[in-house]
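By convention here, the first residue in the shown sequence is residue 1.
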Amino acid sequence: MLSELQHAHIAKLLGGYCEARIPQEVRDRVRLGFRITGHAVELFESRPAFRAPHEWRDHGIAKFRYVASRKVCRLYCQFRDVTWHEYEPRPEAGSLDELLAEVDRDPTGIFWG
């Protein structure tokens, strides 16, 4: 499990990122959020369902996993099979901040298309 301090850092970092990434005028059609589960953090995009627009569907963007024994964060992306795969160009870094910057740059187009 992540410590309270790590939770607070993640909430501040990703909360600010999600807030800044999606313009206010389109938030009725697209949202960006994150969830923390154990040692993993998932960044996801939500959009209204096609046939039931009152229901929002989440689609994974990136997953970050903290490896406490090595004190590194690992980065995963989703392929078409909707399973998480190690992001090969930069599978790990010393901080979540570094990996979030990699997701934002998206040099391969896997995260934001």
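Put simply, the side chain of D28 does not reach to within 4.5 Å of the side chain of P48, judged on heavy atoms. Q78 places none of its side-chain heavy atoms less than 4.5 Å from the side chain of T83. Using a 4.5 Å cut-off on side-chain heavy atoms (C-beta onward), Y66 and V72 make no contact. At a threshold of 4.5 Å between non-hydrogen side-chain atoms, the residues L13 and H9 count as touching. At least one side-chain heavy atom of I36 sits less than 4.5 Å from a side-chain heavy atom of H7. Under the 4.5 Å side-chain criterion, counting only non-hydrogen atoms from C-beta, C73 is not in contact with V67. Between L32 and E19, every side-chain heavy-atom pair lies at or beyond the 4.5 Å cut-off.
Annotation for E25: atom CD counts as buried by contact number, over 12 foreign heavy atoms lying within 6.0 Å. At most 12 non-hydrogen atoms from other residues, nucleotides or ligands lie less than 6.0 angstrom from CD of E4.
For residues 70-89, every residue pair satisfying the ring-ring contact (aromatic ring centres under 6.0 Å, His included) rule, not counting sequence neighbours, is listed here: F79-H85, Y87-F111. Evaluation of the ring-ring contact (aromatic ring centres under 6.0 Å, His included) test over residues 27-61, restricted to residues two or more places apart or in two chains, returns none.
Nearest heavy-atom pair, R21 versus D104, reported as atom, atom and distance to 0.1 Å: NH1-OD1, 2.7 Å. Closest of all the heavy-atom pairs between L2 and G38 is CG-O, 3.5 Å.
Partners of V26 by side chain to side chain contact (heavy atoms under 4.5 Å, CB included), not counting sequence neighbours, listed by chain and number: I22, P23, R29, V30.
A donor-acceptor pair under 3.5 Å is absent between the side-chain atoms of E55 and the main chain of A52, judged by distance alone. For the pair D106 (side chain) and W112 (backbone), a donor-acceptor distance under 3.5 Å is present. No donor-acceptor pair closer than 3.5 Å links the side chain of T37 to the backbone N or O of A40.
Within the model, atoms CZ of F64 and CG of L43 stand 5.5 Å from one another, a figure rounded to the nearest 0.5 Å. Note: E88 CD to I110 CD1 = 10.5 Å, rounded to the nearest 0.5 Å. Taken to the nearest 0.5 Å, the SG atom of C77 stands 9.0 Å off from the CD atom of E86.
Between R90 and E92 there is no salt bridge, since no side-chain nitrogen of the basic residue lies less than 4.0 Å from a carboxylate oxygen of the acidic one. Between D58 and R47 there is no salt bridge, since no side-chain nitrogen of the basic residue lies less than 4.0 Å from a carboxylate oxygen of the acidic one.
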